[in-house]
Amino acid sequence: MLIRVHDKNFQPYLSSQEINDQVSRLAQEINRDYGTKRPLFIGILNGSFMFASDLFKYITIEAEISFIKLASYKGTRSTGHVITSIGLDESLKERHVVVLEDIVDTGKTLSEFLPQLYDQQPASLKIAALLHKPDALKHPLKIDYLGFNVPDKFLLGYGLDYDGLGRNLKEIYQLVNE
Ligand code: IMP
Ligand code: MG
């Protein structure tokens, strides 16, 4: 069933069950890999709030979570600007950090942001992303925990927006080309 958001049509792409299966699998891998290391998760707002929240519910080891706000996106195409608008209170020194990102598209956001985290000398730094568009990647990045590789088409829902709308959808939708 198509849905219309602003001026565009979107078709169902990933069901909430498919998303949930991958999110719980990623959490299980993290539980197993980190054990007693007490990781600090850093969710990248706004897009990752739903992924971060659902993943964190499946974390059964001792862990902390915090959020940072960056922006590199306007409309359906990356603007290429990264702005840090909410800082991080926690010190990352000696911490095992896991960055939570909704989607890695060109990789620009994370490749510009990660050096700022490395500057704080974390004990380790890994990336967990729900979605990745390998064909759009321009800034090489290693994604340590990945839910889905997806084609280079605009997605909506489960935290992802199109000009502010659609974040509340439980499923992920794909733009229908007209
Ligand atoms: P990147 O810097 O090009 O990797 O873009 C990363 C950010 O752009 C993500 O964190 C999203 O917030 C946003 N983004 C990338 N692709 C999409 C999409 O298909 N739908 C909605 N937002 C997207
Ligand atoms: Mg984002």
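- Taking the six-membered ring where the residue is Trp, F10 and F154 present tilted rings, their angle falling between 30° and 60°.
- Of the residues T36, I30, N31, the one that meets the side chain to side chain contact (heavy atoms under 4.5 Å, CB included) test with Y34 is I30.
- With 3.5 Å as the limit, one finds a donor-acceptor pair spanning the side chains of K93 and Q121.
- Put simply, V176 and L14 are part of two different groups of oily side chains (I, L, V, M, F, W, Y) that touch within less than 4.5 Å, one to the next.
- Relative ring orientation between F56 and F41 is described as perpendicular, the plane-to-plane angle rising above 60° on a 0-90° scale split at 30° and 60°.
- Note that NZ of K142 and CG of L125 are 10.5 Å apart. Values are rounded to the nearest 0.5 Å.
- At least one donor-acceptor pair under 3.5 Å links the side chain of R4 to the backbone N or O of D7.
- Looking at Q22 and R25, their side chains do bring a donor and an acceptor atom within 3.5 Å of each other.
- The minimum heavy-atom distance between A129 and L26, with the atom names listed, is O-CD1, 4.2 Å.
- For the atom pair R38 CZ and E62 CD, the distance stands at 4.5 Å (nearest 0.5 Å).
- Rounding to the nearest 0.5 Å gives a distance of 4.5 Å between CD1 of I3 and CG of L169.
- Scanning both residues, P134 and N149, for their nearest heavy atoms gives CG-OD1, 3.4 Å.
- Counting heavy atoms from C-beta outward, Y58 and N20 have side chains that approach closer than 4.5 Å.
- Between the side chain of S15 and the backbone N or O of E18 there is at least one donor-acceptor pair closer than 3.5 Å.
- Here the closest heavy-atom approach between residue D102 and residue G47 is recorded as OD2-CA, 3.0 Å.
- Side-chain N/O atoms of Y173 and N9 include no donor and acceptor closer than 3.5 Å.
- Taking every heavy atom of both residues into account, Y145 and E29 meet most closely at CD2-OE1, 3.5 Å.
- Under the 4.5 Å side-chain criterion, counting only non-hydrogen atoms from C-beta, F113 is not in contact with E101.
- Residues D105 and D152 meet the side-chain proximity criterion, which asks for heavy atoms closer than 4.5 Å.
- Contact record, L137 with H132: CD1-CE1, 3.8 Å, taken as the closest heavy-atom pair.
- In this structure, the side chains of I19 and D54 stay at 4.5 Å or more apart for every pair of heavy atoms.
- The side chain to side chain donor-acceptor pair (under 3.5 Å) test with S124 singles out one residue from H96, E94, R95, and that residue is H96.
- Pairing each heavy atom of R167 with each of M50, the nearest pair is O-CE, 3.3 Å.
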